[in-house]
Amino acid sequence: MSSGSRRASRFLQEKEDEVPQWIPGLGTDKPRPRTLGTSFFGYVPDAFVEKTPFLPSEKKATTPTPKDSETKEAEHKSEGAPNGQYLDPSSSKEFQRDMDASSDEGVVTEEVVVPQRVERRAAEPWDAQSVDSTDGSAQNRLLIKGGRVVNDDMMQDADVYIEDGIIKQVGTNLHTPGGTRVVEAKGHLVMPGGIDTHTHMQLPFMGTFAVDDFYTGTRAALAGGTTMIMDFAIPQKGESLVEAYHRWRSWADPKVCCDYALHVGVTWWCDKVGKEMEELTEEHGINSFKMFMAYKDTWQLDDHDLLESFKQCKEIGALAQVHAENGDIIKENTAKLLDMGITGPEGHELSRPEEVEAEATNRACVLANQVGCPLYVVHVMSKSAADVVSNKRRQGHIVFGEPIAASLGTDGTHYYHKCWRHAAAHVMGPPLRPDCETPKYLMDLLANGDLQTTGTDNCTFSASQKALGKDDFTKIPNGVNGVEDRMSVIWEKGVVSGKIDPCKFVAVTSTNAAKIFNIYPKKGRIAVGSDADIVVWNPHATRTISAKTHYQAVDFNIFEGMEVHGIADYVICHGRVVVEEGNVRAVSGMGKFVPTPSHSPYVYGRVQERDIANAPKKVDRAPYDGPVIQLNNQGLTQAVESSIIPTNQEFYTRGPTRCGGLNLHDSSFHVSGAQMNDKSPKRPSVKVHNPPGGKASGSFW
């Protein structure tokens with residue numbers, strides 16, 4: 001044993017009584033086993049109320065439970081560790097100096113050989129108190145060692161060094177300063193954190209609020225490997241877009257555990273709305289606006305307003321988004337179904353069949369293309385709608401399609417389940433499709449690039465909230481979960497099934513979104529200078545999705561019982577380890593709002609040249625000098641003799657007979673209105689009462 005190793009062992013022995021049994025990042029002992037705990041299960045009435053964790057000084061005296069004791073042990077503090085950090089010997093300058101003296105000794109890991117089955121423990125209320133503080137030099141420096149770095153265009157075996165929330169080095173044999181924490185990633189994939197392009201946290205909708213707010217929703221997102229969400233600020237009809245934006249910011253900023261951006265809804269149209277769209281783009285970092293073609297009499301825009309919205313989006317360099325369903329047809333079908341006595345959740349799907357989504361998708365593509373505006377179709381749910389997007393892209397349209405975790409992971413047969421609660425839990429708009437082949441079909445289009453991003457449309461309502469529509473399917477709040485399970489579901493349905501590789505997985509879960517919404521390479525890539533939002537992904541481990549163990553506040557999971565491969569063993573957000581071996585250590589308010597600049601090169605890079613190339617061109621020709629008809633006040637044509645009838649006008653095509661007479665096979669009538677005998681003097685009109693040969697009237701005999 002070298003002298004450096006002996007000194008390291010001596011140091012560890014001296015600190016044996018001061019550190020937990022297992023030291024995160026050291027890898028010398030087996031991690032604490034993940035066991036099932038008490039389920040955090042059921043409806044949370046105040047789920048949209050801010051949930052800021054208690055500070056240690058604010059904790060009330062309680063009788064310790066076994067779980068409390070375990071938590072306190074994991075939060076063991078050292079006198080020299082600032083703000084309750086873990087005492088990691090590898091972070092000590094003394095230890096680092098000794099380790100540097102030895103030859104590549106120190107970290108020992110167990111190589112993953114066979115798939116592991118992981119039982120994710122239930123989310124517990126006290127998890128919010130397990131805060132991984134990031135103050136201090138050791139916590140601001142992190143080395144992810146021994147993993148395979150995966151970007152959308154390449155994979156490489158490399159280490160990643162992070163400092164102050166930014167990736168500083170990517171490569172092998174990196175030189176890092178003392179006090180750097182090490183996360184062992186051998187046998188793991190190191191990927192950019194996921195970006196969920198479509199969420200609705202604590203959305204006020206149909207008389208209630210979504211039960212997952214910006215705290216529980218973003219915390220669950222981190223648990224699944226998503227480090228950024230994109231939510232929607234949706235004003236009511238007639239409400240200011242800017243005021244809606246500020247209201248959503250006031251809800252989100254104190255609560256978010258990860259970074260977030262906002263889209264803004266356009267639910268009505270006038271010149272003021274157009275000016276506010278420009279203000280939001282130039283001053284508030286909004287580069288996408290969502291228009292609704294459904295929800296008639298509330299958020300739906302007609303074709304004229306859609307055109308005006310699209311034109312304004314192009315003018316300010318923003319991306320137009322559409323919820324593509326024909327609201328007029330839905331309203332008609334709904335009334336018909338209710339008259340027939342169909343009031344259950346199946347009526348939701350029957351009222352908005354697949355072709356209703358496809359028609360609206362096609363119409364939106366046509367309208368956007370006519371004004372040269374790039375288009376983004378949110379939550380593509382059906383084969384038909386996906387085919388429209390695919391075909392329009394082949395025709396040269398600038399259009400992007402977003403399937404969601406629900407449409408990729410399950411189907412609409414659940415609407416016909418005998419249990420009302422089960423069926424209602426799947427109600428969302430557009431609905432899941434009963435065709436069981438739809439998820440595979442959408443994944444195929446995602447694999448070949450016809451669809452580009454993946455969101456979740458995460459908008460969760462408890463069973464008691466869904467029960468508002470127990471006697472009328474139109475009153476069931478629309479929305480499902482997905483923000484926590486999106487990454488695992490797409491890995492299972494895409495990578496494990498052989499449809500996509502890890503690079504494409506990174507593209508559709510992170511990189512494409514970052515490019516489209518103009519935050520690349522700050523987000524969506526592991527490279528020097530990018531944000532340190534990273535997932536250390538265990539492709540071998542498996543888990544079973546369940547509402548009993550998920551971190552979301554909702555009491556139902558549409559993927560219940562699905563076994564998935566692929567788990568986020570570590571999640572790093574802003575350079576901080578916020579998920580560690582299944583335990584979430586996120587703090588309310590640690591996330592930031594991410595502005596999305598206008599004129600994304602990925603979207604608008606070819607628009608100007610495309611407009612020039614496709615611009616209508618005038619045909620140069622000699623001016624017309626022929627006759628022109630004139631219209632009278634009644635709109636009837638009057639022939640002008642001098643201009644309409646040339647002197648040499650011929651009214652028949654065949655020559656005269658051999659005797660010089662008119663060929664009677666030709667008509668003397670001309671369609672221009674002028675006739676060949678117009679110049680002949682009019683003969684008097686005399687009624688002959690007694691023509692030669694006798695009267696025509698009277699008896700012939």
Side-chain angles (χ1 to χ4, degrees), residues 197-198 230 232 234 261 263-267 269 273-274 277 280-281 286-294 299-327 356-382 384-404 407 430 442 445-446 449-455 457 508 512-513 515-518 596 598-611 613-614:
T197 54
H198 192 150
M230 304 188 76
F232 289 82
I234 304 179
H263 316 287
V264 174
V266 176
T267 56
W269 182 259
V273 173
M277 291 170 66
L280 287 167
T281 299
I286 301 297
N287 75 354
S288 51
F289 296 89
K290 180 181 179 182
M291 279 62 76
F292 293 86
M293 304 173 75
W299 294 343
Q300 181 178 333
L301 299 184
D302 61 23
D303 286 357
H304 171 267
D305 292 345
L306 283 172
L307 278 172
E308 293 300 318
S309 302
F310 291 165
K311 287 192 290 186
Q312 182 64 3
C313 282
K314 183 182 180 183
E315 180 68 23
I316 62 180
L319 179 60
Q321 299 180 310
V322 289
H323 174 133
E325 287 184 290
N326 190 314
V356 172
E357 181 189 0
E359 183 278 330
T361 303
N362 182 76
R363 179 157 44 95
C365 290
V366 171
L367 293 174
N369 190 61
Q370 288 302 302
V371 296
C373 176
L375 184 68
Y376 184 99
V377 182
V378 302
H379 47 44
V380 176
M381 302 297 292
S382 66
S384 302
D387 284 341
V388 170
V389 174
S390 176
N391 292 335
K392 292 301 181 183
R393 286 176 64 85
R394 282 166 172 72
Q395 295 171 15
H397 293 211
I398 303 177
V399 56
F400 306 97
E402 170 204 85
I404 62 174
S407 64
L442 295 179
L445 294 186
L446 199 61
D450 288 331
L451 301 174
Q452 291 72 42
T453 63
T454 53
D457 198 9
V508 301
N512 288 350
K515 291 178 178 178
I516 290 172
F517 295 104
N518 207 10
T596 52
S598 63
H599 295 91
S600 167
Y602 192 79
V603 175
Y604 276 91
R606 55 191 170 122
V607 169
Q608 184 176 359
E609 289 74 14
R610 182 175 178 268
D611 287 346
N614 296 338

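Worth knowing before you read on, the calculation uses all heavy atoms, side chains too, and leaves out hydrogens, waters and symmetry mates. The shown structure was predicted, so the numbers you read here are calculated from the model rather than taken from an experiment.
- Residues Leu319 and Ser600 have side chains not in contact (no heavy-atom distance under 4.5 Å, counting atoms from C-beta outward).
- When each of Glu357, Arg363, Glu325 is tested with Met293 by the rule side chain to side chain contact (heavy atoms under 4.5 Å, CB included), just one qualifies, namely Arg363.
- Judged by distance alone, the side chain of His263 and the main-chain N or O of His198 form no donor-acceptor pair under 3.5 Å.
- Closest heavy-atom contact between Leu445 and Ala386: CD1-CB, 3.4 Å.
- In plain terms, the two heavy atoms of Met277 and Val266 that are nearest each other are SD-CG2, 4.1 Å.
- Evaluation of the salt bridge (Lys or Arg N to Asp or Glu O under 4.0 Å) rule for Asp302 yields no partner, not counting sequence neighbours.
- Contact check for Phe289 versus Val273: no side-chain heavy atoms found under the 4.5 Å cut-off.
- Residue pairs meeting the salt bridge (charged side-chain N to carboxylate O under 4.0 Å, His left out) criterion with at least one partner in residues 386-401, sequence neighbours excluded, are Arg394-Asp450.
- Interatomic distance, Leu367 CG to Asp303 CG, rounded to the nearest 0.5 Å: 5.0 Å.
- Side-chain N or O atoms of Asn518 include one that pairs as donor or acceptor with a backbone N or O of Ser598 at under 3.5 Å.
- In this structure, Phe400 and Asn512 have side chains that are not in contact, with every pair of non-hydrogen atoms separated by 4.5 Å or more.
- With rounding to the nearest 0.5 angstrom, the CD1 atom of Ile516 is 10.5 Å from the CG atom of Asn287.
- A side-chain donor-acceptor contact under 3.5 Å links Gln452 to the backbone of Gly449.
- Residue Leu446 comes nearest to Leu451 through the heavy atom pair CD1-O, 3.5 Å, listed as atom of the first residue, atom of the second, then distance.
- For the atom pair Gln321 CD and Ser309 OG, the distance stands at 12.5 Å (nearest 0.5 Å).
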Exercise for the section: Take Lys314 and Asp611 through the test side-chain contact (heavy atoms from CB on, under 4.5 Å) and record every step on the way to the result. Expected result: CA-CA 12 Å; Lys314 183 182 180 183; Asp611 287 346; 2.6 Å; yes

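- Proximity of Ser407 to Val380: side-chain heavy atoms (C-beta onward) are nowhere separated by under 4.5 Å.
- In this structure, Ala360 and Ala324 approach most closely via the heavy-atom pair CB-C, 3.5 Å.
- At least one donor-acceptor pair under 3.5 Å links the side chain of Thr281 to the backbone N or O of Ile286.
- Taking both residues in full, the closest heavy atoms of His599 and Tyr604 are given as CA-CD1, 4.0 Å, listed atom of the first, atom of the second, then distance.
- Between the OG1 atom of Thr197 and the CZ atom of Phe232 there is a distance of 7.5 Å, given to the nearest 0.5 Å.
- A salt bridge does not link Arg606 with Glu609: none of the charged nitrogens is closer than 4.0 Å to a carboxylate oxygen.
- Distance check: Ser384 OG to Asn362 CG gives 11.0 Å after rounding to the nearest 0.5 Å.
- Across Val607 and Gly372, no two heavy atoms sit closer than the pair CG1-O, 4.1 Å.
- Between Pro430 and His323, the closest side-chain pair of non-hydrogen atoms falls below 4.5 Å.
- Residues Arg610 and Ile398 are in side-chain contact: their nearest non-hydrogen atoms beyond the backbone lie under 4.5 Å apart.
- Residue Cys313 holds its SG atom at 11.5 Å from CD of Glu308, rounded to the nearest 0.5 Å.
- Residues Met291 and Phe310 form a side-chain contact, since some pair of their non-hydrogen atoms from C-beta on lies under 4.5 Å apart.
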Practice task
Please assess Ile404 against Met381 for the test side-chain contact (heavy atoms from CB on, under 4.5 Å), listing each intermediate value before the final yes or no.
Solution key: CA-CA 8 Å; Ile404 62 174; Met381 302 297 292; 3.7 Å; yes

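- Side chains of Asp457 and Val378 form no contact here, defined as non-hydrogen atoms less than 4.5 Å apart.
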